[in-house]
Undergrad: 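Here it is, the structure in full.
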There are 2 protein chains.
Amino acid sequence: MEAPADVDELLARAKALGGRTVPEVAGALGVELPPDPKRAKGFMGQLVERALGACPRAGDGPDFPELGVELKTLPIAGGRVRESTFVCTAEVAEAATLSWERSRVRRKLRRVLFVAVERQRPWRYGAAWLWTPSPEEEAALRADWEELMGAIGAGEVEAIDASRGRWLQLRPKGATAACRVKAYDADGAPIWAPTKGFYLRASFTRGLLHAQRLR
Amino acid sequence: MEAPADVDELLARAKALGGRTVPEVAGALGVELPPDPKRAKGFMGQLVERALGACPRAGDGPDFPELGVELKTLPIAGGRVRESTFVCTAEVAEAATLSWERSRVRRKLRRVLFVAVERQRPWRYGAAWLWTPSPEEEAALRADWEELMGAIGAGEVEAIDASRGRWLQLRPKGATAACRVKAYDADGAPIWAPTKGFYLRASFTRGLLHAQRLR
DNA sequence: ACGGATCCATCATTGGATCCAG
DNA sequence: CTGGATCCAATGATGGATCCGT
């Protein structure tokens, strides 16, 4: 699948997935289903990337570099978002000096294509829509980001838990809880800190889903 | 194989390999020989690491962290060193600010266990000896390092070729010539530079081998 | 419900070096 | 001979997320 030429084409492709089942779409792409779905946690996201023609080597950049669009799947059950949404890993080592404007979170969330996936078997694609933060949303996300990164920069990285932040939270990220990354304490001395990732709370994406239904 | 308790034990183990063939040592360790030796370029080095009990997760540190010893194999044919010796990748991005004292090259070469390997079939282990740079050797290596890193720091990374440096040279390093690493030009602007590695010229290690034979 | 823990894939980097064309 | 190119393995970081115990 080649990359979509513009945002309209991308959105049309995503909407066209609506109602189709995951096994059906995987089969059409020649992708095998994982033997143990409970362990292939990223499978849904990677399948949608292929189905929509996302850049296979996106790396740090957005999934659709030409369009500046990031792709996220939203697991839905009983009409409600079931999980928080991973945004990116936290730049722990640069927490004290990085600005919101240059942050990964802001880059990732500048324009997002959400694709809902109904989690009752057989898994089935649902709604798809583009989201760009409104000025109010961006201000709130920024406030969360600045609070959380500020705490890391102040050397509190060990003490931060997932209860902080209204819409963005920080949670462990990595293969195990033992994963560590280089960081600096409040005095600038190097330390090994737990790996952290930013997540959008489900309460936030529930709001987006609701707003989208009203359109 | 557990790690040697001290340098004497390490050296004794290395000398005990002398005269044994590579297939024989591999067999004793339960290691299979690579199907196509021409493509398994690092096999010899990794086999000796296992045979001597080097730290399997050395990463950035020395092969024997407790002893501060780095292990290098030297391919020999007709009594002469056949190849240059890879030391480490060059810290291209930090070229302008890094000092010799903190450099990877110096750390790697502070104490080296050389193990000669006779390259006429069947490959066979030869001499083994410890080397620490004499003040004169270190001064010469430092001069090469400072010249080469200075050139990188001055933005000449594209222009440096392997003919520079008396004993240390810079050569491409990586999977292909297209490999690039982040660097900075003379004005401090970010660029993508070719990946480089430091090598000891064969003329240098020939001298070490000769000196060792005279002892 | 949700905070903490975990799982897989892929790419980049580094370490181990030797290959090979001119 | 030797400067330039390449090859394999292991690790770490990041991106894709969901699992699961309380």
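Each chain gets a letter, A, B and so on, in the order the sequences are listed, and its residues count up from 1. A quick note: this is a predicted structure, and the numbers were derived from the prediction, not measured. Keep in mind that the numbers below use all heavy atoms, side chains included, and drop hydrogens, waters and symmetry copies.
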Undergrad: Taking the side chain of A:Gln46 as its heavy atoms from C-beta onward, which of D:dG16, C:dA1, C:dG15 lies nearest to it?
TA: D:dG16
Undergrad: Starting at atom CG of A:Leu200, determine the distance to atom P of D:dA17, rounded to an integer number of angstrom.
TA: 12 Å
Undergrad: Hey, is the side chain of A:Lys38 poking within less than 4.0 Å of OP1 or OP2 on D:dT18, counting only N and O atoms?
TA: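 The answer is no; no side-chain N or O of A:Lys38 sits under 4.0 Å from OP1 or OP2.
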Undergrad: Considering just the side-chain nitrogens and oxygens of B:Thr73, establish if one lies under 4.0 Å of OP1 or OP2 belonging to C:dA17.
TA: yes
Undergrad: Please pick, from C:dT6, C:dG16, D:dG3, the nucleotide with the shortest atom-to-atom distance to any side-chain atom of B:Ala162.
TA: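 From the listed options, D:dG3 comes nearest.
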Undergrad: Nearest whole angstrom, please: distance from the C1' of D:dG3 to the NZ of B:Lys173.
TA: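 Taking NZ of B:Lys173 and C1' of D:dG3, I get 15 Å after rounding.
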Undergrad: So is A:Arg119 actually on top of A:Trp123's ring, under 6.0 Å and inside 45° of the axis?
TA: yes
Undergrad: Looking for any heavy atom pair under 4.0 Å, which part of the strands does B:Arg50 touch: base, sugar-phosphate only, or nothing?
TA: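 Contact class for B:Arg50: none.
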Undergrad: Quick one: is B:Arg39 getting a side-chain N or O under 4.0 Å of the C:dA17 phosphate, OP1 or OP2?
TA: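 For C:dA17, neither OP1 nor OP2 has a side-chain N or O of B:Arg39 closer than 4.0 Å.
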Undergrad: Mind checking whether B:Trp131 and B:Phe204 have ring centres under 6.0 Å apart?
TA: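 Centroid separation for B:Trp131 and B:Phe204: below 6.0 Å.
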Undergrad: If every non-hydrogen atom of B:Phe198 is compared with every non-hydrogen atom of B:Ala90, which pair is closest and at what distance?
TA: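 Taking B:Phe198 first and B:Ala90 second, the nearest heavy atoms are CE1-CB, 3.7 Å.
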Undergrad: What is the distance, rounded to the nearest whole Å, between atom CD of B:Glu70 and atom P of C:dT14?
TA: 15 Å
Undergrad: Could you state the CG-P distance from B:Leu47 to C:dA17, rounded to the nearest angstrom?
TA: 11 Å
Undergrad: Ignoring the backbone of A:Glu83, work out which of D:dT18, D:dG16, C:dT18 is nearest its side chain.
TA: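 Selected nucleotide (nearest to the side chain): D:dT18.
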Undergrad: What's the shortest heavy-atom distance between B:Glu70 and B:Asp63, and which atoms?
TA: OE2-OD2, 3.1 Å
Undergrad: B:Asp63 near the nucleic acid: base, sugar-phosphate alone, or nothing, with a heavy-atom cut-off under 4.0 Å?
TA: sugar-phosphate
Undergrad: With heavy atoms under 4.0 Å as the rule, sort A:Gly45 into base, sugar-phosphate or nothing.
TA: sugar-phosphate
Undergrad: Pick base, sugar-phosphate or nothing for B:Ala177, based on heavy-atom distances below 4.0 Å to the nucleic acid.
TA: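 Sugar-phosphate, backbone atoms only, no base.
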Undergrad: Choose from D:dG15, D:dA17, D:dT6 the nucleotide whose nearest atom is closest to any side-chain atom of A:Lys41.
TA: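 Comparing D:dG15, D:dA17, D:dT6 against the side chain of A:Lys41, the answer is D:dA17.
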Undergrad: Any side-chain N or O of B:Arg119 below 4.0 angstrom from OP1/OP2 of C:dT18?
TA: yes
Undergrad: For B:Arg180, answer base if it contacts any base atom (sugar-phosphate contacts may also be present), sugar-phosphate if it contacts only those atoms, and nothing otherwise; contact means non-hydrogen atoms under 4.0 Å.
TA: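 Sugar-phosphate contact only - B:Arg180 comes under 4.0 Å of backbone atoms but never of a base.
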Undergrad: Quick one: label B:Arg80 by what it contacts on the DNA or RNA (base, sugar-phosphate, nothing), any heavy atom closer than 4.0 Å.
TA: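 Nothing: the residue B:Arg80, judged by heavy atoms under 4.0 Å, touches no strand.
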Undergrad: Across the strands shown, which category fits A:Lys108 at heavy-atom distances under 4.0 angstrom: base, sugar-phosphate, nothing?
TA: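 Sugar-phosphate only.
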Undergrad: Pick base, sugar-phosphate or nothing for A:Pro75, based on heavy-atom distances below 4.0 Å to the nucleic acid.
TA: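 Sugar-phosphate only.
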Undergrad: Between B:Ser84 and B:Trp192, which residue's closest nucleotide on DNA chain C lies nearer the 5′ terminus?
TA: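 This one resolves to B:Trp192.
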Undergrad: Describe the nucleic acid contact of A:Gly174 in one word from base, sugar-phosphate, nothing, applying a heavy-atom distance below 4.0 Å.
TA: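 A:Gly174: base contact, heavy atoms under 4.0 Å.
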Undergrad: Output yes when A:Arg164 and A:Glu156 qualify as a salt bridge under the 4.0 Å nitrogen-oxygen rule, no when they do not.
TA: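 Salt bridge flag = yes for A:Glu156 with A:Arg164.
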Undergrad: Identify the two heavy atoms, one from A:Ala162 and one from A:Arg201, that lie closest to each other, and give their separation to 0.1 Å.
TA: O-NH2, 2.7 Å
Undergrad: Looking across every strand, which nucleic acid part, if any, lies under 4.0 Å from B:Glu91 by heavy atom: base, sugar-phosphate, or nothing?
TA: nothing
Undergrad: With the side chain of A:Arg171 defined as its heavy atoms from C-beta on, choose the nearest nucleotide among C:dC19, C:dA5, C:dG16.
TA: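 Per side-chain heavy atoms of A:Arg171, the pick is C:dA5.
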Undergrad: OP1 or OP2 of D:dA13 versus the side-chain N and O atoms of A:Thr89: is any pair under 4.0 Å?
TA: no
Undergrad: With DNA chain D as reference, determine whether A:Trp123 or A:Cys88 sits nearer its 5' end, using the nearest nucleotide of each.
TA: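 Its nucleotide being nearer the 5' end, the pick is A:Cys88.
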Undergrad: Below 4.0 angstrom from OP1 or OP2 of C:dA17, is there any side-chain N or O of B:Thr85?
TA: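 Negative; the distance criterion is not met.
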Undergrad: Between B:Met44 (CE) and C:dC19 (C1'), how many Å, whole number?
TA: 16 Å
Undergrad: Over all strands shown, is A:Arg164 touching base, sugar-phosphate only, or nothing at heavy-atom distances under 4.0 angstrom?
TA: nothing
Undergrad: Find the distance B:Trp167:CH2 to D:dG3:C1' and express it as a whole number of Å.
TA: 21 Å
Undergrad: Between C1' on C:dT18 and CZ on B:Arg82, what's the gap in Å once rounded to a whole number?
TA: 13 Å
Undergrad: With a distance cut-off below 6.0 Å to the six-membered ring centre and an angular limit of 45° from the axis, does B:Arg171 pair with B:Tyr199 as a cation-pi contact?
TA: yes
Undergrad: Looking only at side-chain N and O atoms, does B:Arg201 come under 4.0 Å of OP1 or OP2 in D:dG3?
TA: yes
Undergrad: Let me know, please, whether A:Gly61 or B:Asp161 comes out on the 5' side of the other along DNA chain D by nearest nucleotide.
TA: B:Asp161
Undergrad: A:Leu52 CG to D:dG16 C1': how many Å, rounded?
TA: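 These atoms are roughly 14 Å apart.
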Undergrad: Can we say B:Arg142 and B:Glu138 salt-bridge, meaning some charged N sits less than 4.0 Å from an Asp/Glu carboxylate O?
TA: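 No salt bridge links B:Arg142 with B:Glu138.
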